[in-house]
S.K.: 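Here you go, one structure.
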Amino acid sequence: MYSHHSSPRFFTFLVTRSFSSKARANRYASQLQLCCLQSPISCSFARTVHAHMIASGFKPCGHILNRLIYIYCKSSMLAYARHLFDEILQPDIVARTTLISAYSTTGNLKLAREIFCETPLHVRDTVFYNAMITAYSHNNDGHAAIELFRDMRRNDFSPDNFTFTSVIGALALVAENERQCLQLHCAVVKSGTAFVTSVLNALISTYVKCASSPSVISSSLMGVARRLFDDMPEKDDLSWTTIITGYVKNDDLDSARELFDGNGMCEKMVVAWNAMISGYMHRGLYKEALEMFRKMYLSGMQLDEFTFTSIISVCANAGFFQLGKELHAYILKTEVNPSPDFSLPVNNALITLYWRCGRVDEAREIFNYMPVRDLVSWNAILSGYVNAGRIKEAKSFFEEMPEKNILTWTVMISGLAQNGFGEEGLKLFNQMKILGFEPCDYAFAGAITSCAVLGTLEHGRQLHAQLVRFGFDSSLSAGNALITMYARCGVVEAAHSLFLTMPCVDSVSWNAMIAALGQHGHGGQAIELFEEMLAEGILPDRITFLTVLSACSHAGLVKEGHHYFNSMYAVYGIIPGEDHYARVIDLLCRAGKFSEAKSVMESMPVEPGAPIWEALLAGCRIHGNMDIGIKAAEQLFELKPEHDGTYVQLSNMYAVAGRWADVAKVRKLMRDRGVKKEPGCSWLEVENMVHVFLVDDAVHPEVHAVYNYLDKLCQEMKKLGYVPDTKFVLHDMEFDQKEYALSTHSEKLAVAFGLMKLPRGATIRVFKNLRICGDCHNAIKYMSEVVRREIVVRDGKRFHHFKDGECSCGDYW
DNA sequence: ATAGGGTTAG
């Protein structure tokens with residue numbers, strides 16, 4: 001019944017009623033004394049003794065009660081302890097002290113403080129003060145701890161080494177800069193505790209903390225920490241882990257590794273291993289992290305939750321799904337009680353692993369089975385839905401969330417933006433601010449992306465100004481979002497100057513800028529920039545190639561595009577995906593090189609899917625290549641029978657050839673097959689029609705009929721309340737500007753657009769087109785159209801938003 | 001003393 005620590009004397013040492021009450025008290029007291037001598041304290045026996053007292057009607061005196069309180073506190077049976085504490089007339093200082101430290105460990109500072117305050121001055125002692133100072137210190141209230149220390153000195157209690165250690169811990173907590181670090185250092189020296197290991201540990205950890213704070217530029221503080229560490233008379237586990245994790249935090253993995261590999265450190269220091277693994281993980285050095293993990297595992301060390309959390313994150317970030325799944329299975333198998341609450345962070349990391357590897361539903365299952373969840377878990381699932389484009393579920397999940405933080409909002413805002421819901425994204429951004437959340441640069445990035453989607457340049461500029469005011473002007477993610485925003489709103493120049501002035505750029509910035517140039521018909525410049533990127537030693541990724549291939553395609557740089565496509569795998573080892581193949585085929589078909597496109601298709605490792613046929617069909621549409629076009633459309637009818645876009649492309653192909661009877665046939669076919677035409681599809685039609693006029697110099701005799709048709713479509717869409725997505729329009733207008741300029745249809749287009757009321761971004765395009773054609777009259781007309789439709793006027797702290805003849809105002813951000 | 005959730009480019 002008792003642990004093997006229990007002495008057999010416990011059983012023979014019974015207290016019987018025949019004893020005098022004094023003798024009974026003595027015996028109980030010695031029994032409790034015995035309990036305390038056990039390690040750990042034998043609470044169960046103390047409870048038996050206590051029960052015996054109650055059963056036999058014995059009224060314990062203060063001494064015994066104090067002892068019981070002590071035992072209960074030490075065994076974390078706080079409710080019992082408190083009960084006795086409230087009954088006792090005069091709790092002694094030991095009981096008070098233990099209760100304070102017990103409350104401190106459970107984080108209940110308020111109760112600890114209550115006991116402290118109601119203890120009269122004359123019964124207090126140094127240990128009692130120490131307990132309260134430590135309580136503050138351990139609960140991260142350094143200022144209160146320091147204040148209490150001052151109070152202690154005022155009341156003439158003499159501090160001991162424990163006091164100093166605690167106070168130094170408190171000073172360490174509040175130290176935030178180099179000056180406070182030095183103050184602490186002086187305090188240590190003055191108190192004469194500069195040889196005490198725990199004090200030195202605290203001091204070192206303070207230097208480490210200040211060294212990694214963002215305001216400190218030099219690594220000199222880390223140097224001081226290192227000297228203190230080297231000179232320590234005695235190092236313990238904590239000293240080693242403090243210095244190693246310090247280097248990891250300061251992004252000096254080499255120094256950390258050097259200490260880690262050198263002799264002197266106890267091999268079995270799990271924390272140091274974990275710190276190294278997490279350091280590699282955060283730096284994106286997944287291979288090194290895995291290697292470390294492997295070594296750790298092979299050396300037979302006990303892997304803990306920290307290890308698993310970090311290494312699962314490695315799998316999630318690097319896409320090692322197989323390994324991640326094996327680790328998941330391993331965790332479930334090795335857990336003593338296969339409890340799913342192994343650890344909250346482990347489960348959260350698992351959620352991320354699953355959704356990042358495309359298994360949102362499995363991630364959700366983990367979430368559902370988790371007995372305890374926190375905000376991180378909720379945010380992780382939200383990201384999963386958003387990333388999978390499952391906006392409906394994301395939205396309702398977002399609403400369901402019991403709590404939100406800035407991250408939650410950021411995920412939702414950028415999720416909406418990325419899925420084309422620009423307006424909702426902006427609305428959410430404002431709502432977030434109204435609710436008092438300070439936007440971070442990521443949140444700004446989401447809002448800016450929303451503007452990019454909507455093509456609302458003025459709003460985007462305001463956000464840019466706002467960003468600068470918030471001090472985020474050097475933010476990478478926001479800067480990258482701005483590049484795209486300016487590009488999509490038609491001001492590549494702004495995008496380019498931003499790109500040039502950004503303090504640091506990454507491959508995303510390069511990709512964005514290359515794309516910006518490519519989309520505006522500056523294919524040659526896009527390729528120049530790409531070459532520059534390569535010259536700077538920045539490795540292109542699969543997205544770089546997508547962008548470059550598009551740029552080549554739009555600029556008609558067939559040879560270059562083909563060359564880059566071939567270099568993808570040969571030089572950079574990037575296996576072309578179906579999307580890359582689709583772009584090359586698009587490139588070739590736009591140039592009319594159908595036989596080359598055919599050979600590329602034949603070289604594909606897998607059967608060509610829908611994107612390939614779509615590219616082919618689009619090419620056929622431009623060139624009026626009926627035979628292949630019809631074949632491609634047939635393939636698409638099989639692969640995506642519900643897809644309305646195929647019909648649109650096919651009918652436009654006939655339109656290019658002037659075969660209006662066939663256009664009508666396609667529409668009939670669509671109706672007969674019961675394919676629903678979405679409002680967006682109508683816009684696609686409009687946009688494609690526009691494209692037909694842009695690329696074809698010949699005036700179709702039926703052109704007026706088409707204008708009428710477009711007009712009808714527009715009215716129909718207006719009735720449906722459909723707001724077209726600028727992205728579509730821009731996408732289809734991204735052809736070489738030269739082609740626009742050469743087009744003889746600018747004026748007619750202007751008339752058509754005038755009827756149609758295009759979204760703002762497209763209107764800007766028309767304006768630019770007219771400008772290039774030298775059609776000043778219509779250009780001015782369209783510019784004023786742009787201005788009339790949406791303009792924001794600032795007026796002190798208020799803004800007035802004019803849109804479609806209506807004005808709304810509000811606080812200026 | 002070590003761990004988990006975000007962003008931007010197509």
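By convention in this document, chain letters (A, B, ...) are assigned in the order of the sequence lines, proteins followed by strands, and residues within each chain are numbered from 1.
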S.K.: Are A:Asp579 and A:Arg583 close enough for a salt bridge, meaning some N to O gap below 4.0 Å?
M.R.: no
S.K.: Please work out if A:Asp237 contacts a base, only the sugar-phosphate, or nothing of the nucleic acid, heavy-atom cut-off 4.0 Å.
M.R.: nothing
S.K.: Do the side chains of A:Asp252 and A:Arg257 get close enough for a salt bridge, i.e. N-O under 4.0 angstrom?
M.R.: no
S.K.: On DNA chain B, which is the earliest and which the latest nucleotide, 5' to 3', with an atom closer than 4.0 Å to a heavy atom of chain A?
M.R.: B:dA1 to B:dG10
S.K.: Decide whether A:Thr408 and A:Asn405 meet the rule of one side-chain donor and one side-chain acceptor closer than 3.5 Å.
M.R.: yes
S.K.: With the side chain counted from C-beta on, respond yes when A:Leu529 and A:Trp510 share a heavy-atom pair under 4.5 Å apart, and no when they do not.
M.R.: yes
S.K.: What contact category does A:Lys249 fall into here, base, sugar-phosphate, or nothing, at under 4.0 angstrom with non-hydrogen atoms?
M.R.: sugar-phosphate
S.K.: Answer with base, sugar-phosphate or nothing: what part of the nucleic acid does A:Ile312 contact at a heavy-atom distance below 4.0 Å?
M.R.: nothing
S.K.: Please work out which of the three classes, parallel, tilted or perpendicular, describes the rings of A:Phe437 and A:Trp409, given edges at 30° and 60°.
M.R.: tilted
S.K.: Contact class for A:Met281 vs. all strands (heavy atom < 4.0 Å): base, sugar-phosphate, or nothing?
M.R.: sugar-phosphate
S.K.: So what does A:Ser509 touch, heavy atoms closer than 4.0 Å: a base, only the sugar-phosphate, or nothing?
M.R.: nothing
S.K.: Would you indicate what A:Thr410 reaches in the nucleic acid, counting non-hydrogen atoms under 4.0 angstrom: base, sugar-phosphate, or nothing?
M.R.: base
S.K.: What nucleic acid atoms does A:Arg356 come within less than 4.0 Å of, heavy atoms only: base, sugar-phosphate, or nothing?
M.R.: sugar-phosphate
S.K.: At 4.0 Å (heavy atoms only), tell me whether A:Asn405 reaches a base, stays on the sugar-phosphate, or touches nothing.
M.R.: base
S.K.: Under 3.5 Å, side-chain donor or acceptor atoms of residues 288-295 of chain A against the rest of the protein: list the pairs with distances, not counting sequence neighbours.
M.R.:
none

S.K.: Base, sugar-phosphate or nothing for A:Asp374? Non-hydrogen atoms, less than 4.0 Å.
M.R.: base
S.K.: By the 4.0 Å heavy-atom rule, please label A:Trp409 as base, sugar-phosphate, or nothing.
M.R.: nothing
S.K.: Classify the nucleic acid contact of A:His580 as base, sugar-phosphate or nothing, counting any heavy atom under 4.0 Å across all strands shown.
M.R.: nothing
S.K.: Describe, in one word, how the ring planes of A:Phe308 and A:Tyr330 are oriented to each other, choosing from parallel (under 30°), tilted (30 to 60°) and perpendicular (over 60°).
M.R.: tilted
